[in-house]
Amino acid sequence: MIRTFFSGLGRHVLQALVLALVVSTACFAMLRTLPGDPAYRVAAGRYGYDNVSVRAAEAVRAELALDRPWPEALIDWWGRVASLDFGLSMVTGEPVMDELVHHLGHTLWLAALATVLAWLIGLPFGILAGLRPGGWIDRACLLITVLLRAAPPFLIAIALVVVFSVQLGALPAAGHRAPSHVLLPALALALALAGGTARVAREAVVDVIRSPYFDFALSRGLSSRQALWRHGLRNAALPLLEYGGMQLVLLVEGVVVVETLFAWPGLGHALVHALFWRDVPTLQASVLVLALAFVLFHALVDWLCRLLDPRRKRVEQP
Amino acid sequence: MKRAGLSIGRRTLLWGAGVAALGSLAALLHRSPGRRLDAPAGRTLRVVGPWELTGLEPSRAGYMFTRLEISETLFDCDAAGHISGGLAKYWEYRNDGRVLSIRLRDDRRFHDGRAVDAEAVKQCLERVRLQPGVLGRTPLRAIRARDDLHLDLELDRPYGLLPAVLSHYSTQILAPSAYAQDGRVRKLVGSGPYRVERIDASSYLKAVLADTWSGERPQIEVFEYLAVGRAESRALMAESGEADLVYGLDAPSVARMRRAGHRGLLSVRLPRTLYLKVNSGHRWLQDERVRRALSLALDRRGIATAVMRDALLATDRLLPMSFPDWHPQHGKDEGLPTQDVEGARALLAEAGWLPGDDGGLSRTHEGALERLTLKLITFPDRPELPVIAAAIQEQFRQIGIALAVSIGNSGDVPLAHQDGSLELALVARNFALVPDPLLTLLQDYDVGGGDWGAMNWRDAELEAALTELQRIAPDASGEEAARSARFTIGRRLADALPVIPICGYRAHAAAGSRVSGALVDPFERSYFISRVRWT
């Protein structure tokens, strides 16, 4: 088992290295081909757009060596990625790594809470819907899921703020200083995720209760609860875990919108500002960290799936 | 049939999920800073605005530190834009306007305890001169500290704008201890009533009343500033009572809050104008009749009403009414400019542009048929700009001009100005970078024009008036000559249309029910936190 784990780990490390190279190069290429002069954009981010003059832009260009030939800049960037030294932010002048650590911590906390909330909301309803397919819970779940998946996170977030902050006065609308500040952004993300979780849980439970092994468990005299607990949940957990991995895409997309709306100082917030100000080192580092986090969490999901499903190990170790 | 009995776990599951969710909610709410849990004693004022704190360098987010009364400048200005003393107590021009002598206030100390003396001010300004900013563009030759309180600023030529320039946020005075060995600002040590206690990344600042402050004691002793990028979020924070002072509200949110009966709404006209920058050297736009036709075709009132939500913001004057001295009518009610499509068509016909079968204008020039098509560039830094660009596109179509709109970066405007490719640009310009609009006018309309102003346009009368104004010291002795020069500038800009003004701006803010005495500064220099009082 340990050997399997390490061979899997090796594969994921290799994946991460290749991904880092591809993502950082693609990001570099995209930023070089964006329309507009980066020196003016950076100067606008630093001094305000109507304080920008040719002189200010040229000073920025000289300071940041923006007119270097692209091969030289690319090699320099690869070197920085390899040494994990992303330099200084072009706009704030602070070390990118320091800013990144600050932003990443906030994003991880928000994403983790959103995932937990999504499961807390989605799983019970999904399981209940699966236990009685076609029942009223199932039909109501389907309707709510469609609505939640169709509504953009922006709309869900605004609706939550109107209800919980403006009408009830129970939760703060934006900010990050108090523990309660995380609740609304996490809930906004969770609601977007919970619909999918509920649907997958429902399908997984339906598959389980229609399976021969579940019938066999019942025929052995186990109660429904015992059969579900001992034989059902573990099997139903597999597609849920795999879907959880796929939901990372939704999570990253949601984080960008939700963090901006709730003034949550995470990676999504940093990414939007860096893109707007053309703060190249911050942008490249943020994208790289998001990509690596993606690989890391997929590896984690992969490992959990192997842990839960002994058949996978047998396939790999004939 | 057996499966019909599988509903056994339903209640348990629902109860489990419900209890877990409520439990975590209750635990977090227990420590919530929401309005209902705010302690009456030791209150913290909560200020929200759109501006990020993009670093400690005064040339970057320095405006936030002066607005939050953490640092001060040598000069200040009143609500009418007249220069007043900041750290400078008295000042006078000597040597035919070539030396500005300043006597500092003797009661100011930096937050590290050091007195704000002439040597500290000199060191700070010497450093500011080397940074990008307004001071580097002045004819300042040398700074001399005569003694602890007296400072001489020597100029290459008479330059009456220096006090206004020294009120700019980039010239804020920081203590010598604020700087690291390499000259970078390592911590903010100002001399204002508040000192920084904490800054988190670029979005949060907490400040407390400085024990070095010797002026009138403010009632607000602690405040937090939070940068919130989205206008919708800021409005919702004002509505929920979560913030005491919210700046940078957008017009649609203000309209909604007004309908909902929000009592703390504040607004003030800003010295900012939205206008069409015109390439007056363009083969078609160099004809003043064409420029006037474009101006007549604009439905400014419609744009101001629909987009800015305030019909009174429509204007055909470049300089905002915040500067009444600059208007030929001297602040009299000039009425709202009206759209005149027929007048515009007549002017274009006079210039040779006649409508074809499809309504588009064309003319025959040197044997070739030309169609009147123009390109307008703008940018989304101000969200109203692309919307107004679309409105202008339609209004020009009504007089037969096909306008292509391109939405890019703000940097495209100075870039297109420099390479000569610009035809029209829709921009918004702040005329109070310093309290005297002359500085902006010099950048934009003096010889050669400017990145954000005139392009391929010169006017001898206006240039002479600009030169004259620079020489006049900002005191009563030259007031009559200054007034005459200002009128000349205002008149020439209105008549020759090197740019085509469309509408002005209004700043909106909201104050919560916990505070009174909140103000909005028309020059966006201060939030006046020290004047705010708890209710």
Side-chain angles (χ1 to χ4, degrees), chain A residues 35-37 39-41 43-47 49-57 59 91-94 99 102-103 117 120-121 123-124 127-128 131-132 158 161-162 165-166 169-180 182-183 209 218 223-225 228 260-263 265 269 272-273, chain B residues 2-3 5-10 13-14 16-17 20-21 25 28-29 31-36 48 52 54-55 57 59-60 132-133 184 200-204 224 226-230 232-233 236-237 239-242 379 381 408-412 414-415 418 427-430 433 443 451-452:
Chain A
D37 188 328
Y40 282 88
R41 201 58 246 168
R46 280 186 181 183
Y47 312 121
Y49 80 84
D50 56 0
N51 283 323
V52 173
S53 60
V54 176
R55 197 179 144 195
V91 175
T92 65
E94 297 298 318
E99 293 191 349
H102 177 85
H103 295 311
L117 282 176
L120 276 179
I121 298 165
L123 278 184
I127 293 171
L128 288 176
L131 289 174
R132 193 171 287 183
I158 292 276
V161 174
V162 168
S165 301
V166 179
L171 289 171
H176 64 277
R177 296 286 301 160
S180 56
V182 75
L183 273 182
I209 63 171
L218 292 177
S223 70
S224 305
R225 190 191 299 188
L228 188 67
T260 308
L261 195 70
F262 288 98
H269 184 259
V272 171
H273 278 82
Chain B
K2 273 184 282 181
R3 277 157 206 154
L6 288 177
S7 58
I8 304 164
R10 185 188 309 173
L13 280 167
L14 277 175
L25 193 70
L28 286 164
L29 278 178
R31 296 173 65 189
S32 167
R35 63 184 186 217
R36 292 175 185 176
V48 165
E52 298 260 335
T54 51
E57 279 294 336
S59 60
R60 297 188 186 181
R184 292 176 53 183
D200 273 359
S202 56
S203 59
Y204 174 84
E224 292 175 324
L226 181 69
V228 177
R230 302 284 319 187
E232 300 87 348
S233 305
L236 290 168
M237 289 179 84
E239 286 178 88
S240 68
E242 190 186 332
F379 47 92
D381 294 44
N409 294 309
S410 58
D412 294 347
L415 208 60
Q418 293 301 323
V427 303
R429 183 78 161 134
N430 180 7
L433 294 176
Q443 281 177 36
D451 292 347
W452 297 95

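What you see is a predicted model, and the numbers here were worked out from it, not measured in a lab. Lettering follows sequence order; numbering is per chain, from 1.
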Engineer: Which answer fits B:Ala428, side chain, backbone, both or neither, if we ask what part of it has an atom under 4.5 Å from a heavy atom of chain A?
Structural biologist: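 Both backbone and side chain of B:Ala428 come within 4.5 Å of chain A.
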
Engineer: Pick from B:Ser202, B:Ser203, B:Gly55, B:Ser59: which one has the most heavy-atom pairs with chain A under 4.5 Å?
Structural biologist: B:Ser59

Engineer: Quick one: does B:Ser410's side chain get under 4.5 Å of A:Tyr40's, heavy atoms only?
Structural biologist: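 A side-chain contact under 4.5 Å is absent here.
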
Engineer: Given the options B:Val427, B:Asp412, B:Leu236, which has more heavy-atom pairs under 4.5 Å with chain A than any of the others?
Structural biologist: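 Counting heavy-atom pairs under 4.5 Å, the top option is B:Leu236.
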
Engineer: Do the charged groups of A:Arg41 and B:Asp381 touch, with an N to O distance under 4.0 Å?
Structural biologist: yes

Engineer: Considering only heavy atoms, which portion of B:Asn409 lies under 4.5 Å from any heavy atom of chain A: side chain, backbone, both, or neither?
Structural biologist: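 For B:Asn409, backbone and side chain are both near chain A.
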
Engineer: For chain B, which candidate among A:Val161, A:Leu261, A:Asp37 shows the most heavy-atom pairs at distances under 4.5 Å?
Structural biologist: A:Leu261

Engineer: If you count heavy-atom pairs within less than 4.5 Å of chain A, which of B:Arg60, B:Glu52, B:Arg230 leads?
Structural biologist: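 When all of B:Arg60, B:Glu52, B:Arg230 are compared, B:Arg60 has the most.
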
Engineer: Is it the side chain or the backbone of B:Asp451 that comes within 4.5 Å of chain A heavy atoms, both, or neither?
Structural biologist: side chain

Engineer: Please check if the side chain of B:Glu239 supplies one atom and the backbone of A:Val166 the other of a donor-acceptor pair under 3.5 Å.
Structural biologist: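 Checking the backbone N and O of A:Val166 against the side chain of B:Glu239, no donor-acceptor pair under 3.5 Å is found.
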
Engineer: Between A:Ala44 and chain B, which part of the residue has a heavy atom less than 4.5 Å away: side chain, backbone, both or neither?
Structural biologist: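 Side chain only.
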
Engineer: Tell me which of these, B:Gly411, B:Gly408, B:Gly229, has more heavy-atom pairs under 4.5 Å with chain A than the rest.
Structural biologist: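 Sorted descending by pairs with chain A, the first entry is B:Gly411.
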
Engineer: Roughly how far, to the nearest 0.5 Å, is CE of B:Met237 from CZ of A:Phe262?
Structural biologist: 11.0 Å

Engineer: Nearest 0.5 Å please: distance from the CZ atom of A:Arg177 over to the CG atom of B:Asp200.
Structural biologist: 5.0 Å

Engineer: So which of A:His269, A:Glu94, A:His273 has the largest heavy-atom pair count under 4.5 angstrom toward chain B?
Structural biologist: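 Looking at each of A:His269, A:Glu94, A:His273 in turn, A:His273 comes out on top.
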
Engineer: As an exercise, state the distance from CG of A:Leu171 to OG of B:Ser240, rounded to the nearest 0.5 Å.
Structural biologist: 10.5 Å

